[in-house]
Chemist: 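This structure is in structure tokens; I'll ask about it shortly.
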Amino acid sequence: MRKQLHAALLGAALLMSVGHAKAADLVMAVKAGPASMDPHFTATAANADAVKHIYDTLVRSGNNLELEPSLARSWTPLDQTTWEFKLRQGVKFHDGSDFTAEDVKFSIERIPDVTGPNPTTIFVRRVSSLEIVDPYTIRIRTTDPAPSLPNDFVRLFIVSHKAAANYSTRDTATEGFNSGKAAVGTGPYKFVSWAPTQDLVLERFDGYWGGAEPWDRVIRKEIPNDASRVAQLKAGQVDIISKVPASDVPVLEQDSSLTVVKNESIYVSYLEFDFREDSPEITAKDGAKLDKNPLRDPRVREAIDLALDRETIVDYALEGLAVVPTQLVSSNIFGYDKALEPSKYDVDRAKQLLKEAGYEDGFKIRLSYANDRMPMELGPTVAQMLSMIGITVEVNGIPAAVFNPARTRGEYSLNMGSWGTLTGEANYTLSSLMHSYAPDHGLGAYNVRGYSNAEMDRLIESAGAEMDTDARRGLLEKANDLVASDRPNLALATLLTAWALKKDKIVLTPRADEDTLAMNIRPVE
Amino acid sequence: MTAFIVHRIWQALLVMLVMSILVFAGVFLIGNPVDVLISPDATQEIRQQVIAQYGLDLPIWQQYLHFMTSLLQGDFGRSFVYNMPVSELVASRFPATMELATIAVLLASVIGIPLGVYAGYRPDGWPSKIIMAVSILGFSVPTFWIGLMMIVVFAVEIGIMPAGGRGDVVSIFGMPWSFLTIDGLHHLVLPAVNLSLFKMAMMIRLAASGTREIMLTDTIKFARAAGISELTILRRHVLRLISIPLVTVFGLELGSTIAFAVVTETIFSWPGLGKLIIDSITSLDRPVMVAYLMLVSLLFITINLAVDLAYAVLDPRMRQRGGK
């Protein structure tokens, strides 16, 4: 009896699975999904990746993070602290209403009322006031000169001031947006359904101002487990997967029915040195306290730099899914200095430098990092390389939930992380990581290890206020040079990201920020 | 009996209280959840605003007091990550896990117990040897590996089963269920079998050893002497006598399967509670952690209570003791 039932079930199931997803449907599996359909609730990259289908921004970041007009046709600085945005006319929301300056004002002003523990206020923090000149012109005043305001705005999503009017408090916003009532944007796809960690279902918006998309429906599945994502692609349940694990790339490349697309990401992995006089996790080899922090000595930092064989790190620790870095930002970032060379691996010179600095016998240090965020083999590889010049490294890989708070408390002497330059311009990275800790100016917020270099601060501050594009690029390149020569951080690898997709069904144009957008996926002709 | 149940309810409340204190203390020791959730480029001022907004700058006892006050009004608070009421979040995941765990434990019992009884009844036959050998495999091979192998074989190579997800669901009382649609059942098969293997092995071994022991007792000898058929002996006497440990294990396993099916849920992308709790731990989503662990405590205590009541039904001796 059970056998019969089983057979019947199987047969029926087979029938069901054939043609389950229609040809004009696109099924994607991403590693991380959104946390809310309210685009102003959280600033995570995964949330932006998802909601970009539904909502547009004034300024858009292109495939290589170049700024492109979107809901704003153009933007010009009127003076040091005023930007004027000219808005696109004839843009419709999904409910048929017209997009105007009112929606921009509403979107910016609702952010403080609805945003959560990862606040999107970071994208509008420079805005002091705004003025609607006419329905398609808006002027934005900033607290200080803000040349990178358009870069900040690539994550400022515009919602409908009519649809979201009653869903803009902390208690009502999530329900209003997740249920779809307020999830009304101007983007290429309309919201159909979503619940936390479950499928995001989208439907084509035929009235999209940029021309209708090829897919009737888009289903974005959130599958955090790497092996499961790969299995679902191989089983044909999904058309494309993001963030293919490095170890699976060669296997999937062998599969004739699949295409693997690799692209340089905006993430650079780095080592970060503690600059405080009294550093907590660094001692002599016998555990005795050192009279000063060796990491403050530039020769020690250079020795560590020279001891790290980046080629081996890239080929072995990162299994080829990375390239050798020259600086803290990737090559697609505004302010990347093309002239910089990678560090030269030289153990003898490294030993020599340590000797000159008075650490011929080396010292003992703990290397901490979030083992659920960083590539698994990176920590041990770095430890082994440093042992070659006599530095004993105790590897301390712990969950991000433990690592991040402890790092903020300043408990580490040497830590490892990855930083993505999300806005596409280097000042975003440098002002957080490299400027002295200056709460009054909102600078150096991530620099809790006491690094302070007057020249660096000057470059970052000038770049932050320089309205001339070329001059600003020059300042940022100089700042990147200074990072490379002063070595407060050492770039270990520029990470690549990989997608795998069905060769006979779709083609993908990859994005540097790792977003997996249906708008970048086209059916095979 | 009423006194017994009231006593258990008090016990449940106490355990839940202790659990909530443990979670608060644990998260406090780890550090500020904002440091896990916030973008690294957030300025110092924005970080302070967020900390104040969520009351994370208050002394820990005040934070706990706030939590308890709203809990007494039936409010578990909102998830840091999703900004949804925690009760809603847990309720939305509960059916998925509930049906997966129930089917897995039922499968384990319906298949495991008869096999175990047979293996204990004829311990020297070759089928029994095979059953016992396979049950050792069920114990010792890790669930995640078997799960992945099942996906590779049935989903990728043969292609008759989905590699994951929940399939179509039907809403009953506003809750989505998979086991009522064919597509949903299709998606349920692999994860349910995967989840049941370990439990099935345990059921087999428990049933086999219990049966072997009881087959040697005088009860069985006399029953045989009285001319009762072997099948009736097995059904009426053996199964009855070995049922107490089996029910205990069934109860405990049901509880732990519902609470911690995370490995299977992760591999098969099953949107259940196990994934929710792991995600909430990795993001220090304290409201979800607290609510979830309190509910799990309640679940275990309820199941244990049900098991105790089942003893009374199964074993007259216990019934008498309870009735006193």
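Not measured: the values here are computed from a predicted model. Just so we're on the same page: letters track the sequence lines, and every chain starts at 1. Below, all heavy atoms of this structure are taken into account, side chains as well, without hydrogens, waters or symmetry copies.
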Chemist: B:Y54: which residues meet the ring-ring contact (aromatic ring centres under 6.0 Å, His included) condition with it, sequence neighbours left out?
Modeler: B:F80
Chemist: Given a strict heavy-atom distance threshold of 4.5 Å, which part of A:R409 is in contact with chain B: side chain, backbone, both, or neither?
Modeler: side chain
Chemist: Is there a donor in the side chain of B:D41 and an acceptor in the side chain of A:Y428, or the other way round, less than 3.5 Å apart?
Modeler: yes
Chemist: Under 4.0 Å between a Lys/Arg side-chain N and an Asp/Glu carboxylate O for B:E99 and B:R166?
Modeler: yes
Chemist: Among the options A:T174, A:T44, A:D372, pick out the one with the most heavy-atom pairs lying under 4.5 Å from chain B.
Modeler: A:T174
Chemist: Measure B:N32 against the heavy atoms of chain A and call it side chain, backbone, both or neither at under 4.5 Å.
Modeler: backbone
Chemist: Any carboxylate oxygen within less than 4.0 angstrom of a Lys/Arg side-chain nitrogen, looking at A:E175 and B:R78?
Modeler: yes
Chemist: Heavy-atom pairs under 4.5 Å with chain B are the metric here; pick the option from A:K221, A:R170, A:R125 that has the most.
Modeler: A:R170
Chemist: Establish, yes or no, whether a centroid distance under 6.0 Å links the rings of A:F403 and A:Y369.
Modeler: no
Chemist: Determine whether B:F67 and B:P287 make a side-chain contact, defined as any pair of heavy atoms from C-beta on separated by less than 4.5 Å.
Modeler: no
Chemist: Quick one: of A:P119, A:S228, A:S432, who has the most non-hydrogen atom pairs under 4.5 Å with chain B?
Modeler: A:S228
Chemist: Under a 3.5 Å cutoff, is there a donor and acceptor pairing between the side chains of A:T115 and A:T121?
Modeler: no
Chemist: Is it true that a side-chain atom of B:Q63 and a backbone atom of B:L58 form a donor plus acceptor pair closer than 3.5 Å?
Modeler: yes
Chemist: Between chain B and each of A:N225, A:T408, A:D440, count heavy-atom pairs under 4.5 Å; write down the option with the most.
Modeler: A:T408
Chemist: Would a 4.5 Å heavy-atom cut-off, applied to side chains only, mark B:V290 and B:V23 as touching?
Modeler: yes
Chemist: Between B:I281 and chain A, which part of the residue has a heavy atom less than 4.5 Å away: side chain, backbone, both or neither?
Modeler: backbone
Chemist: Specify which of A:A43, A:P112, A:G116 makes the most heavy-atom pairs with chain B at under 4.5 Å.
Modeler: A:G116
Chemist: I need the contact set between residues 30-42 of chain A and chain B: heavy-atom distance under 4.5 Å, sorted by residue number.
Modeler: A:P34, A:A35, A:F41
